[in-house]
Amino acid sequence: MTSGVTQPTDIREVAVIGLGLMGSGIAELVARSGRRVSAIEVDRSFLDQGMARLHASLDRAVSRGKLTDTARDEVLARIRPTDNVAAGVGGADLVIEAIPERMELKRALFARLDEACRADAILATNTSSLSITEIAGGTRYPARVAGLHFFNPAPVMKLVEVISTVLTAPETAGTLTRLSADLGKTPVAVTDRAGFIVNALLLPYLNHAIHLLETAQATREDIDKAATVGLGLPMGPLTLLDLIGLDTCLAVLETLQDEFGGTRYVHAPLLRKLCDARLFGRKSGRGFYDYRRQSPAADHGPSPVPGEVALIRERNGRLDELAGQIAAVGISVVPQPSGQTGLVIVAADPRHRVLDAALAAGHPADVVGVHFVEVGDGKPGLAELVLPDVTAAGTAAKAAALAARIGLNAVISRDRPGFLLEALAYAQFNDAVRMFQDGYASPADIDTAMMLGCGYPRGPFQMLDEAGAANVVSVLDAMHAATGDPAFTPVPLLAEYATAGSRFRAGTGG
Ligand code: NAD
């Protein structure tokens, strides 16, 4: 490794430091590729815990038929556990650091690595958001320091962000990129900026979901359902926050806030309160959800399905199908409210308040707005049931009961522009365009990163193109006007694409 271009095959011995959630997965992945691994922890007890996690993961792979008994034993034979950093890293071609997300710990460790590693060893950090430039700054050979950001669980998730600082040698980044591909991953190369691609887009979206919850826009279940049913994401934002760990999410938001400022990364007060209460999510047993006991299903008694529904149809036929579905279950549908009407349905548009249509219909206390979100792939869509604050106390229950009777996949939202799904998704699209506008990453790379790092079925730019830039801009404008929050102002490049009617992923390579 002293001269020329380092090939993945030249990286034969890898030291992984920190065998927690991430490090144990990274050690497994590297050992499964045939390389020798030094697995390093602070002391014997953490080492035993980390190795137990690694054993359990390999055992699962065997029981699922993905690995033979013999192959598992060979993988384990390639891993050398130790609590002696200097001994563990001495012969390493590559060191991957995966200790907790705290700058002082990482800088202290890298100072030790500087002494203990070979001068030509590559030093990589798995940090989620900290400045790699600052970590590298404390070493003698910053040209060989870079970020190698895996996703949880490391053996499974396909994305690796390869991060270069201004001091990283191109050969270092090149070697890590080729190595990632050799490990079966899809590398995306980026420069050192807080949160890189994925966390810079994911964390403000998660934070926004907490804002929606704490301002009573919807229940936690409905916020999560809007994301899974409406966007096709593998889990809702509040469930994902609990999985990542609320303390980690708070730390990443603070780093993003320090770097970018503005209002988008200011953590929701509820996030801090849950952290103060040490409710960190799944790992501590409780966060937004309680994992220690099964919460009993809420029992609201028999559903008060109304006998007559007034449905104010639109000229464009948007609610015609709904009228047919309601009539098909024996509920009478009338075009205007009468004395018998239990519920008044109007079409809801995320750019406008439902309140105005409710007042025009003459029965504001009984009005629910319905907005259908189309999801691709022939999957049933999401119905957002939107309730102005002036509706009567029982209207939400009636609307939910009607939705259940006719088999709609529905969520209930307060009457604020963007409702649930558009509020969450379009604000993230705006962040993604800002990232592209800043020259940080291309739409194609951003889409790849979000699909392979977070399990998105389609990337944010693909979804944005489907929704239409002009439509996204008008919803964001309405959100901005309603909240006064400058974070929702459409970024100039998005406004330009909207004016030109252009797509972000049009043409070859997007
Ligand atoms: P973790 O707390 O599960 O594991 C960290 C481990 O490092 C612990 O086992 C701890 O004993 C050990 N450790 C601490 N100081 C050490 C030292 N000086 N030498 C050796 N071992 C030491 O944390 P994690 O979730 O695995 O995160 C590790 C890093 O990976 C962080 O930088 C984090 O931001 C990043 N990361 C986390 C995730 C995630 O989803 N949790 C995803 C990608 C990246």
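Numbering of ligands and ligand atoms starts at 1, following listing order. Since we're looking at a predicted model, the values are computed, not measured.
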Contact atoms of ligand 1, heavy-atom distance to [X] under 4.0 Å:
X: S128; result: 33 (C), 34 (O), 35 (C), 36 (N), 37 (C), 43 (C), 44 (C)
X: H149; result: 43 (C), 44 (C)
X: T127; result: 32 (O)
X: K106; result: 31 (C), 32 (O)
X: N152; result: 40 (O)

Is it true that D120 and R144 have a side-chain N and a carboxylate O under 4.0 angstrom from each other?
-> no

So, is the end of the R503 side chain (NZ or CZ) under 6.0 Å from the ring centre of Y497 and within 45° of the ring's axis?
-> no

Side chains of Y289 and E221 in contact at under 4.5 Å (non-hydrogen atoms) | yes

So ring-ring contact (aromatic ring centres under 6.0 Å, His included) across residues 61-91, not counting sequence neighbours, yields none

Using the ring-ring contact (aromatic ring centres under 6.0 Å, His included) rule, collect all pairs that involve residues 74-117, keeping only residues at least two apart or in two chains.
-> none

Looking only at non-hydrogen atoms, which of [options] approaches [atom] most closely?
atom: atom 16 (C) of ligand 1; options: L105, V252, V42; result: V42
atom: atom 27 (O) of ligand 1; options: E97, E161, M22; result: M22
atom: atom 25 (O) of ligand 1; options: I17, L21, V85, V198; result: L21

Atom CZ of R292: over 12 foreign heavy atoms under 6.0 Å = yes

[atom] - nearest protein heavy atom and its distance:
atom: atom 8 (C) of ligand 1; value: E41 OE2, 3.4 Å
atom: atom 29 (C) of ligand 1; value: I99 O, 3.3 Å
atom: atom 30 (O) of ligand 1; value: N126 ND2, 3.0 Å
atom: atom 4 (O) of ligand 1; value: G20 CA, 3.2 Å
atom: atom 5 (C) of ligand 1; value: A98 O, 3.6 Å

Any chance you could measure I26, atom CD1, to E28, atom CD, to the nearest 0.5 Å?
-> 11.0 Å

Min N/O separation E101 to ligand 1 under 3.5 Å | yes

Does a side chain donor of either D192 or T133 reach within less than 3.5 Å of an acceptor in the other side chain?
-> yes

Would you tell me whether Q428 and H208 have side-chain atoms, one donor and one acceptor, within less than 3.5 Å of each other?
-> no

Backbone, side chain, both or neither: what part of F151 comes under 4.0 angstrom of ligand 1, heavy atoms only?
-> neither

With a 4.0 Å cut-off on heavy atoms, does P100 reach ligand 1?
-> yes

From R12, R118, R35, residue fulfilling salt bridge (charged side-chain N to carboxylate O under 4.0 Å, His left out) relative to D93 = R118

Does atom 23 (O) of ligand 1 have any protein heavy atom closer than 4.0 Å?
-> no

Angle class for the F436/F461 ring planes (parallel below 30°, perpendicular above 60°, tilted otherwise)?
-> perpendicular

